[in-house]
Every structure is written in structure tokens, then in C-alpha cells.
Amino acid sequence: MTAAIDILDLHFSYPDGRNALRGIDLRIEQGESVGIIGPNGAGKTTLLLHLNGILQGTGEIAVFGLRIDKSSLKSIRKDVGVVFQDPDDQLFSSTVFDDVAFGPLNTGLSAEQASARTREALAEVGMAGFESSVPHHLSFGEKKRVSIATVLSMRPKILALDEPSSNLDPRQRRNLIQLLGSLRATKLIASHDLPLIFQLCDRTVLLNSGVIVADGTTTDIMHDRALLEANDLEAVPTEFTNTRAPQS
Amino acid sequence: MKHSFIDRYSEFGSPIHGLDPRTKIVCMVLFVLAVVTTPAGRFRLFGLFAITIATVIVLSGVPVLYVLRRSCLVLPFVLLTAAFLPLWKATADGQASLNLLGVQIDRQGLVLAGTMAVKGLLAATAMIVLSATTRFGALLKGLEAMRLPKVMLMILSFMYRYLFIAIDQSMRMDRARRSRDCGSGYLRRMRTLGNMIGMLFVRSYERSERVYQSMVSRGFDGEIRNISRLHIESPDYIFSAIFITCLAAIRVAGQL
Ligand SMILES: Nc1ncnc2c1ncn2[C@@H]1O[C@H](COP(=O)(O)OP(=O)(O)O)[C@@H](O)[C@H]1O
Ligand SMILES: [Mg+2]
């Protein structure tokens with residue numbers, strides 16, 4: 001089976017000379033849920049922005065066997081849905097409906113198809129009935145859900161989420177974890193919320209200073225207290241990790 | 001932070017709120033035209049126009065005081081211009097001349113000034129009724145359906161969406177400043193204000209980059225695509241018919 005994502009020796013520096021990624025090799029199989037953890041500034045966001053060609057470093061990235069370049073960009077952006085960390089970056093329209101319909105319309109769907117997709121995606125994230133709402137009238141948790149819907153409406157095969165639980169209160173966070181667990185795409189979740197990764201991902205990649213420090217099962221990595229602490233992360237208390245619900 | 005003062009009443013569910021934005025745009029623009037083209041000094045007609053728009057306000061459930069307060073905001077501007085009118089006097093050949101040492105205040109000028117104030121007030125009221133009873137997004141959709149340039153509407157839409165975030169950000173920055181400010185002088189405060197504005201600018205610039213990235217992620221290629229979900233229905237026909245008839249009746253009554 002072709003890998004969902006295959007990254008070979010990816011390097012990237014920002015225009016100011018900052019080396020954000022320094023040789024990433026990563027292969028993600030179809031259907032996997034992979035957590036990308038690492039301290040602030042590790043390069044998680046930068047890596048996610050490479051998955052659909054927003055940033056283009058040197059090295060090779062293939063999505064379902066298709067190399068990212070100018071000609072494949074359009075179809076890759078349909079397959080890879082990136083949910084940005086700040087919902088205010090994701091939601092730019094004056095109504096929720098317009099924002100969720102934005103992606104489908106850009107992929108060339110008709111108005112009816114795009115409307116159907118929009119309603120479907122909003123229902124999936126539990127935000128049906130908010131079509132005419134203005135984003136700034138929503139709570140942060142609601143905005144987050146709509147952000148996810150803006151990507152789901154494109155029916156991506158790969159979902160890349162950047163810090164999905166940041167700024168959520170405990171209840172919103174729990175609901176979000178439930179929602180993400182129910183989505184069936186291949187998932188990449190960048191976060192330093194380790195309990196969240198623990199609940200949602202079987203595999204974890206630990207990133208620090210632009211290189212992959214560790215790559216293994218979530219259970220192994222989360223139990224390696226020394227590794228986590230050496231990389232400025234806080235180990236999850238064991239009573240948390242022992243009661244992990246089995247993932248389908 | 002909450003700052004719902006800008007579009008506070010646009011979510012009500014009154015019959016006026018339920019109208020298609022195009023209906024309201026057309027009716028309110030016609031109202032303004034009818035008012036503006038009414039000859040000066042016909043204060044009884046202006047009274048009738050006021051009653052018409054007041055009826056719409058009452059139907060919409062938006063507090064009359066709210067609308068009045070807002071429309072009074074235009075008064076200083078109108079009055080400033082109007083204040084000079086009594087100093088002008090129409091001469092026989094239709095040219096206006098200014099009585100510089102304006103002791104002799106012209107009665108006709110006074111009437112003109114009053115007319116201007118009333119017209120300004122009525123026109124502003126109509127626009128406030130429009131914006132208070134229509135969601136901004138719907139207003140833009142209405143304008144789009146009426147063939148306004150998309151780029152212009154896109155700019156308006158971004159402005160509306162991110163205005164709130166900018167206000168929010170500046171409110172937070174100001175609070176952080178005040179919490180550390182133990183009575184600094186005017187100059188210092190001005191300098192901090194300058195820094196804050198600079199920060200706001202930089203943050204907005206960075207945000208625009210991320211917003212653009214999120215748009216491109218979803219296949220944005222420079223073309224703006226939108227679905228119009230507007231429907232003109234029977235309430236729209238009924239409302240416009242009654243409203244426009246009222247306007248016409250007032251104008252015809254003015255000819256008698
Ligand atoms: N737009 C940018 N310009 C310059 N440097 C950046 C930019 N964005 C991120 N960086 C730098 O790149 C590195 C990786 O950042 P990022 O990918 O955002 O990390 P993470 O998401 O893991 O916190 C950091 O050192 C950060 O300071
Ligand atoms: Mg980040």
C-alpha cells in the first residue's frame with residue numbers, strides 16, 4: 001500500500017535564516033493516527049504547513065504517492081485538510097456557512113453539492129443550525145469545531161491539526177477529543193497536550209529543534225519519562241496512561 | 001472580550017429582520033432619495049417620512065432610542081455645514097452671497113439649515129435601520145446579488161470580520177498597559193499608545209499571512225466563489241409595495 005505521507009530528508013529555513021526543519025524523514029501509513037509532540041518552537045507547525053505545500057522546503061514529500069509540486073498542488077490540497085491553531089485565522093468569512101462552503105466551492109463543486117457538504121460537515125462537528133452565525137459571536141470551542149468543519153467539508157483523506165486543544169476549557173476539550181476520535185481520516189495531530197495525543201494516537205513522533213528525536217508507539221514514548229523531560233515535555237501521570245481506552 | 005455594540009440587534013427575529021437584504025437595501029435607498037429630493041421647508045412632509053421610518057423601527061423591535069442615538073451622530077456634521085446657511089442669501093440672479101458680518105440672519109437660510117438637519121437625520125436613520133435589521137453577511141450578499149464588485153465586498157467582509165479581533169486585541173493590550181501604569185505623564189502615555197498601534201499593525205500583518213495560508217490550504221486561487229442563499233418571498237413584495245406606496249403618497253401629497 002502506498003503511504004499516506006512520505007517525507008524524505010526535508011529541510012526548511014524561514015526567510016530570516018531560522019532553520020526550522022533539519023532533515024525530517026517520516027512515513028505515515030493510510031489510516032494511522034500520529035501525534036507530533038515537541039516543545040514550543042520544535043517545528044511542528046512548520047512541518048504541518050509542508051503537508052499541503054503552503055511552505056516548500058528542500059527534500060521530497062509525497063502524498064499518496066504523488067509528489068508535491070505545482071501540478072499536483074490542487075489535488076493534494078483537496079486530500080490534505082490542515083486545521084490551523086487559531087480558529088480566527090481559519091474563519092475569515094462573515095458567516096459560518098460561507099466559511100465551510102469555501103473549500104468545496106474552490107474544488108469546483110456546484111452550489112447544491114457544496115451546500116450539502118457544508119450542512120453535512122457542520123452536523124458532523126455538532127454545529128448544525130449555526131449556518132448564519134457570525135464567527136465572532138461563537139465561543140472559542142464552537143469556533144474550533146467550525147474550523148474543523150471547514151476542512152471536513154472538503155472530505156480530505158488526511159487531516160492535519162495544529163494544537164487542536166489549545167485555549168479550550170476542559171469540557172470543550174473533552175468534546176473535541178471525542179469528535180476527533182470519531183473522524184475516520186488519516187490523522188496527524190501536532191500538540192503538546194500529551195494526554196490528548198495519548199487518547200487519540202497509536203503512534204507518536206517526538207520533534208525537537210527541527211529533527212525527529214523519537215518515533216514509536218504512543219505507549220512507549222509516553223512512558224519514557226527521561227526522554228520526555230530531556231525534550232522539555234511533561235510526562236503524563238501514569239494513572240492517566242494506564243486507563244487508555246482502546247482505539248479502533 | 002465581548003463587544004457586540006456594532007451589530008447588536010441584527011440577530012433579532014422580527015418580520016423586518018426576515019426580509020431579504022435586497023428588499024431592505026432598495027427600500028431604504030428609495031427612502032433616502034425621496035427625502036433628499038423633497039423641497040426645502042416642507043416640514044410636514046418630513047414628519048410623514050419620519051412616521052414611515054418610525055413604523056418600520058417599531059415593527060423591527062429595535063429600540064427607538066438606540067436608533068435615535070445613532071442617527072444623532074450625524075447631526076454635528078450636518079449642523080456644522082448647515083450653520084453657515086443662514087449667513088448666505090440668495091440674490092436675485094440666483095447667485096448666493098455671503099453676509100460676512102452676518103447680523104442679518106436670513107429666514108430662508110434658517111429654513112434651509114433646518115431642512116438639511118432633518119434630511120440628514122432621516123437619511124441616517126434609514127441606513128441605521130438597514131444595518132440594525134440585517135446581518136452584515138446578508139447585507140454583503142445582498143450587495144453582491146446587486147452586482148457590486150466582488151473585490152470590494154471581500155474587503156468589506158474582511159474588515160468586518162477582523163475589526164472585532166483588532167478591537168479585542170487593542171482592548172487587551174490597553175488593559176495590560178493600564179495594569180502596569182501608575183500615573184505616567186502625557187508624553188509617556190502617547191509613546192505607549194504609539195507602540196500599541198505599531199504592535200497592532202504588526203499583528204494584523206502576521207494574521208493576514210496566516211489567513212491567506214488557510215485560504216490557500218482550502219484551494220483558494222484568487223477567484224472568490226460564493227453561494228447566494230437569498231430568496232425574495234411574498235413578505236418582501238408586500239413590504240416593498242406598502243413602503244414604496246407610502247413614499248409615493250407622501251411625495252404626491254406634497255404636490256397638492
Ligand atoms: N514566520 C516565521 N518566520 C520566522 N521564523 C519562524 C516563523 N514561524 C516559526 N518560526 C521559527 O521556526 C521554528 C519552528 O516554529 P514552529 O514550527 O512554529 O514550532 P512549533 O509549532 O513546534 O511551536 C521556531 O524557532 C520559530 O521561532
Ligand atoms: Mg505551533
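Proteins come first, then strands; the chains are lettered A, B, ... in the order of their sequence lines, and each starts at number 1. Just so we're clear, the structure is a prediction, and the values are computed from it rather than from any experiment.
- Within the 4.5 angstrom heavy-atom criterion, atoms from both the backbone and the side chain of A111(A) approach chain B.
- Looking at S147(A), neither its backbone nor its side chain comes within 4.5 Å of chain B, counting heavy atoms on both sides.
- A side-chain donor-acceptor contact under 3.5 Å links R117(A) to the backbone of S153(A).
- With a 4.5 angstrom heavy-atom cutoff, D221(B) touches chain A only via side-chain atoms.
- Interface residue Y162(B): only side-chain heavy atoms are found under 4.5 Å from chain A.
- When I28(A), L21(A), L51(A), D25(A) are each tested for a side-chain contact (heavy atoms from CB on, under 4.5 Å) with I7(A), only one passes: L51(A).
- When each of K141(B), E223(B), M154(B) is checked for heavy-atom pairs under 4.5 Å with chain A, K141(B) comes out on top.
- In this structure, the portions of L105(A) lying under 4.5 Å from any heavy atom of chain B include both its backbone and its side chain.
- Test S93(A), P135(A), S94(A) against R161(B) for side-chain contact (heavy atoms from CB on, under 4.5 Å) and you get one pass: P135(A).
- The side-chain heavy atoms of Y9(B) and S60(B), taken from C-beta on, include no pair separated by under 4.5 Å.
- For a residue to count as touching a neighbouring chain, one of its non-hydrogen atoms must lie under 4.5 Å from one of that chain's; by this rule T118(A) does not touch chain B.
- Within the 4.5 angstrom heavy-atom criterion, only side-chain atoms of R135(B), from C-beta onward, approach chain A.
- The neighbour count for R27(A) CZ, taken as heavy atoms of other residues, nucleotides or ligands under 6.0 Å away, is above 12.
- Paired with F84(A) under the rule side-chain contact (heavy atoms from CB on, under 4.5 Å), one option of L49(A), L48(A), L161(A) passes, and it is L49(A).
- When heavy atoms are compared at a cutoff of 4.5 Å, L140(B) approaches chain A solely by way of its side chain, counted from C-beta outward.
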**Request:** May I have the step-by-step check of side chain to side chain contact (heavy atoms under 4.5 Å, CB included) for D88(A) and R207(B), ending in yes or no?
**Result:** CA-CA 9 Å; D88(A) 285 331; R207(B) 181 177 300 280; 3.4 Å; yes
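- Ranked by heavy-atom pairs under 4.5 Å with chain B, the list D99(A), I76(A), V83(A), T107(A) is led by D99(A).
- In terms of heavy-atom pairs under 4.5 angstrom with chain B, the leader among V82(A), D98(A), T95(A) is D98(A).
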**Request:** In sequence, state the C-alpha distance, the side-chain angles, and the governing distance for Q172(A) and R145(A), and then conclude on side chain to side chain contact (heavy atoms under 4.5 Å, CB included).
**Result:** CA-CA 10 Å; Q172(A) 292 170 333; R145(A) 287 172 167 272; over 6 Å; no
